[in-house]
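Right, one structure below, let's go through it.
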Amino acid sequence: MIGNKYGAHRVIEPKGVLPQPAWKIDNDVSKIYDNEILVDVLTLNIDAASFTQIKKDVGENEEKISAKILEIVNSRGKMHNPVTGSGGMLIGKIEKIGDALKGKVNIDVGDEIATLVSLSLTPLNIKKIKKVHLDNDQVDVEAKAIIFESGVYAKLPKDMDKRLALAVLDVAGAPAQTARLVNPNDTVVIIGASGKSGLLCAYAAKKYAGPTGRVIAIVHSKSKAEYLKKIGITEIFEADATDAVKVEKIVSDVTNGKMADITINVVNVPDTEMASILATKEYGTVYFFSMATSFTKAALGAEGIGKDINMIIGNGYMTNHAEIALEVVRESKEIRELFEKMYL
Ligand code: NAP
């Protein structure tokens, strides 16, 4: 029984679309197709925009968050938040490899892996939620998931704790894209800089902008500025990124009106498109990694102020992104210590 390599055979509604945009997919794990992989799931990392939205909706209450996650997964067959549209990823152990994939994949039954495709397209069947970690978006579960033939995953590294790897791999695209986008001498603005991807991007931006470049960090609250100082970021400013004019003024003041070559948006709340656009110079680049980004608001907002800039959608996947992100944690003792405090 061979299914579609992208998983279209599991789409229940609407027919004809692929699993990510589908409203509902088949999460029956009692039998798998010959070109699928079955995973015994250990922990989910709910996407930060999704987890923040759920917390705002039901409150910071473990039972209510569990109920909301189960409601979503039971109705859609996947952890695809209908409000934010985002998912997350998972870690688990390979339980079964379909006959058609045996010998063709670089994993074996029993290997521990992290999926690098979104939960918003991954068939997921949850038996029980064991623990919701309110402070770090992780949820321990008794569950099974399916990886399609086209799915991307990485074996968990042996030199770090699983939870640490899960946290880093969740946002692997962000530091990897930063490394690709930032050039020596660039002025880089990071909005949401003290969050998980913010710190990884700040480290990568500092490294690739080099001694003549600048990294300007916009944080929601200065209480977390210490994290950035530890990795050598000194230009740290407090602002609510939904206040676009305030962010523009900060960046204008510190750059003498030159503004940023590249702005990286890694916040977990909506309505920060204009702050990113205003912070960026004409012909500069905005990298929208945040899942709370609205294409309409960014496109019409930039047009509305007559700004000619490149705007990049933060594709969660990039060649070798997992290795690049994990390398940041191996390279920076400060980031590793900080993440271990946050995630272990
Ligand atoms: P995170 O650790 O929760 O960090 C988010 C940061 O945004 C926090 O530092 C937070 O500051 C800050 N923030 C919140 N409201 C703000 C505001 N009004 N003004 C300024 N800063 C504000 O999140 P993460 O895990 O790094 O994820 C960051 C974003 O990437 C999320 O939107 C997530 O959905 C997205 N993401 C995208 C992909 C992709 O494939 N493109 C993959 C994974 C995640 P406080 O904590 O001080 O409020």
Side-chain angles (χ1 to χ4, degrees), residues 20 44-56 60 79-81 83-90 114-121 133-138 152 166-178 189-204 216-228 233 236-247 250-251 263-276 279 286-295 311-318 321-322 325 328 335 338-339 342-343:
Q20 202 289 326
L44 307 175
N45 191 119
I46 307 293
D47 169 70
S50 171
F51 202 68
T52 304
Q53 185 278 326
I54 292 173
K55 282 201 284 194
K56 273 194 188 142
E60 302 224 2
M79 183 51 210
H80 189 173
N81 184 325
V83 180
T84 61
S86 56
M89 36 86 76
L90 62 83
T115 53
L116 297 173
V117 288
S118 173
L119 288 179
S120 67
L121 60 84
H133 300 269
L134 289 171
D135 51 346
N136 66 22
D137 313 349
Q138 297 189 357
V152 190
L166 172 64
V168 175
L169 292 173
D170 172 47
V171 294
Q177 290 277 5
T178 301
V189 167
I190 302 179
I191 302 186
S194 60
K196 182 168 72 174
S197 21
L199 286 160
L200 294 169
C201 289
Y203 179 86
I216 299 165
I218 307 290
V219 298
H220 200 199
S221 128
K222 275 237 168 145
S223 63
K224 291 185 186 156
E226 286 311 310
Y227 299 175
L228 286 156
I233 307 295
I236 305 168
F237 302 91
E238 190 175 89
D240 178 346
T242 61
D243 186 342
V245 176
K246 180 167 179 188
V247 173
I250 291 170
V251 178
T263 300
I264 296 169
N265 182 318
V266 275
V267 301
N268 55 14
V269 294
D271 297 322
T272 64
E273 294 81 359
M274 284 317 292
S276 312
V286 181
Y287 175 56
F288 284 114
F289 189 71
S290 165
M291 280 289 162
T293 305
S294 151
F295 178 89
M311 293 190 283
I312 300 179
I313 294 176
N315 182 352
Y317 176 76
M318 193 188 110
H321 67 325
V328 171
I335 289 199
L338 236 132
F339 276 32
M342 287 156 85
Y343 297 100

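Read the numbers this way: they start at 1 and go in the same order the structure lists the ligands and their atoms.
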Worksheet, complete the sentence: When rounded to the nearest 0.5 Å, the distance separating CE of Met342 from CD1 of Ile335 is 10.0 Å
Worksheet item: Would you say Val219 and Tyr227 make side-chain contact, with heavy atoms under 4.5 Å?
Response: no
Discussion item. Any nitrogen or oxygen of Thr242 lying under 3.5 Å from a nitrogen or oxygen in ligand 1? Just yes or no.
Written reply: no
Worksheet item: Between Lys55 and Leu134, is there a donor-acceptor pair closer than 3.5 Å when you use the side chain of the first and the backbone of the second?
Response: yes
Worksheet entry | side-chain hydrogen bond (donor to acceptor under 3.5 Å, both in side chains) partner of Asp47, the single match among Ser120, Ser86, Ser118 | Ser86
Discussion item. Quick check: closest heavy atoms across Leu228 and Ala193, and the distance to 0.1 Å?
Written reply: CD2-O, 3.6 Å
Practice prompt. Report, in ascending order of atom number, the atoms of ligand 1 lying under 4.0 Å from any heavy atom of Asp47.
Written response: 33 (C), 34 (O), 35 (C), 36 (N), 43 (C), 44 (C)
Worksheet entry | Test item, Gly88 contacting ligand 1 (heavy atom, 4.0 angstrom) | no
Worksheet item: Is a side-chain donor or acceptor of His220 paired with a backbone partner of Ala239 at a separation under 3.5 angstrom?
Response: no
Item to complete: Give yes if a backbone or side-chain nitrogen or oxygen of Asp137 is under 3.5 Å from a nitrogen or oxygen of ligand 1, and no if not.
Response: no
Worksheet entry | Sub-4.0 Å atoms of ligand 1 with respect to non-hydrogen atoms of Gly195 | 2 (O), 4 (O), 8 (C), 9 (O)
Practice prompt. Can you pull out the closest protein heavy atom to atom 12 (C) of ligand 1? Residue, atom name and distance to 0.1 Å, please.
Written response: Gly192 CA, 4.1 Å
Worksheet item: Are any of the N or O atoms of Asn315 closer than 3.5 Å to those of ligand 1?
Response: no
Worksheet entry | Atom indices of ligand 1 within 4.0 angstrom of Ser194 heavy atoms, with elements | 9 (O)
Fill in: Check: Gln138 side chain, His133 main-chain N or O, donor-acceptor pair, under 3.5 Å
no
Discussion item. Quick one about Asn265 and Thr293 (side-chain donor to acceptor, distance below 3.5 Å, no hydrogens or angles considered), yes or no?
Written reply: no
Fill in: 4.0 Å heavy-atom contact, Ser86 with ligand 1
no
Discussion item. Evaluate Val269 for polar contact with ligand 1, using N/O atom pairs at a separation under 3.5 Å.
Written reply: no
Response to the item:
Near Gly314 (heavy-atom distance under 4.0 Å), the atoms of ligand 1 are 39 (C), 40 (O), 41 (N)
Practice prompt. Start with the C-alpha distance between Asp240 and Lys246, add both sets of side-chain angles, then the distance that settles side-chain contact (heavy atoms from CB on, under 4.5 Å), and finish with yes or no.
Written response: CA-CA 8 Å; Asp240 178 346; Lys246 180 167 179 188; over 6 Å; no
Worksheet entry | Exam field: side chain Glu273 to backbone Ser294, donor-acceptor pair closer than 3.5 Å | yes
Worksheet entry | Sub-4.0 Å atoms of ligand 1 with respect to non-hydrogen atoms of Val267 | 7 (O), 21 (N), 22 (C), 28 (C), 29 (C), 31 (C), 32 (O)
Worksheet entry | Under 3.5 Å: N/O of Ala241 near N/O of ligand 1 | yes
Response to the item:
protein heavy-atom neighbour closest to atom 23 (O) of ligand 1 works out as Ala48 CB, 3.2 Å
Response to the item:
Note: ligand 1 atoms sitting under 4.0 Å from heavy atoms of Lys224 are 45 (P), 46 (O), 47 (O)
Discussion item. Is it the case that the side chain of Ser290 and the backbone of Val267 share a donor-acceptor pair, with hydrogens and angles ignored and the cut-off at 3.5 Å?
Written reply: yes
Worksheet item: Quick check: does Val171 get an N/O under 3.5 Å from an N/O on ligand 1?
Response: no
Practice prompt. Specify whether Tyr317 and His321 have parallel, tilted or perpendicular ring planes, treating 30° as the upper limit for parallel and 60° as the lower limit for perpendicular.
Written response: perpendicular
Worksheet item: Identify the closest protein heavy atom to atom 21 (N) of ligand 1: which residue and atom is it, and at what distance?
Response: His220 CB, 3.5 Å
Practice prompt. Answer with side chain, backbone, both or neither: which part of Asp240 has a heavy atom less than 4.0 angstrom from an atom of ligand 1?
Written response: both
Worksheet item: To which protein heavy atom is atom 42 (C) of ligand 1 closest, and what is the distance rounded to 0.1 Å?
Response: Phe289 CZ, 3.4 Å
Practice prompt. Within a distance under 4.0 Å of any heavy atom of Ala239, pick out the atoms of ligand 1 and give their elements.
Written response: 19 (N), 20 (C)
Discussion item. With heavy-atom distances below 4.5 Å as the criterion, would you say the side chains of Met291 and Asn81 are in contact?
Written reply: no
Discussion item. So Phe289 and Val171, do their side chains get closer than 4.5 Å, heavy atoms only?
Written reply: yes
Worksheet item: For Ala167, does its backbone N or O pair with a side-chain atom of Lys196 as donor and acceptor, under 3.5 Å?
Response: yes
Worksheet item: Which residue holds the protein heavy atom closest to atom 40 (O) of ligand 1, what is that atom called, and what is the gap in Å?
Response: Gly316 CA, 3.1 Å
Worksheet item: Where does Ala174 meet ligand 1, judged by heavy-atom distances below 4.0 Å: at the side chain, the backbone, both, or neither?
Response: neither
Worksheet item: For atom 14 (C) of ligand 1, what is the nearest protein heavy atom, given as residue, atom name and distance?
Response: Asn268 OD1, 3.1 Å
Worksheet, complete the sentence: closest protein heavy atom to atom 27 (O) of ligand 1 is Ser197 OG, 3.4 Å
Item to complete: Give the atoms of ligand 1, by number and element, whose distance to some non-hydrogen atom of Asp170 is under 4.0 Å.
Response: 42 (C), 43 (C)
Practice prompt. Look at atom 6 (C) of ligand 1 and find which of Val266, Val219, Ile313, Leu199 reaches it with the closest heavy atom.
Written response: Val266
Item to complete: List the closest protein heavy-atom neighbour of atom 2 (O) of ligand 1: residue, atom name, distance to the nearest 0.1 Å.
Response: Lys196 N, 2.8 Å
Item to complete: Would you please test Tyr343 and Leu166 for side-chain contact (heavy atoms from CB on, under 4.5 Å) and show each step?
Response: CA-CA 9 Å; Tyr343 297 100; Leu166 172 64; over 6 Å; no
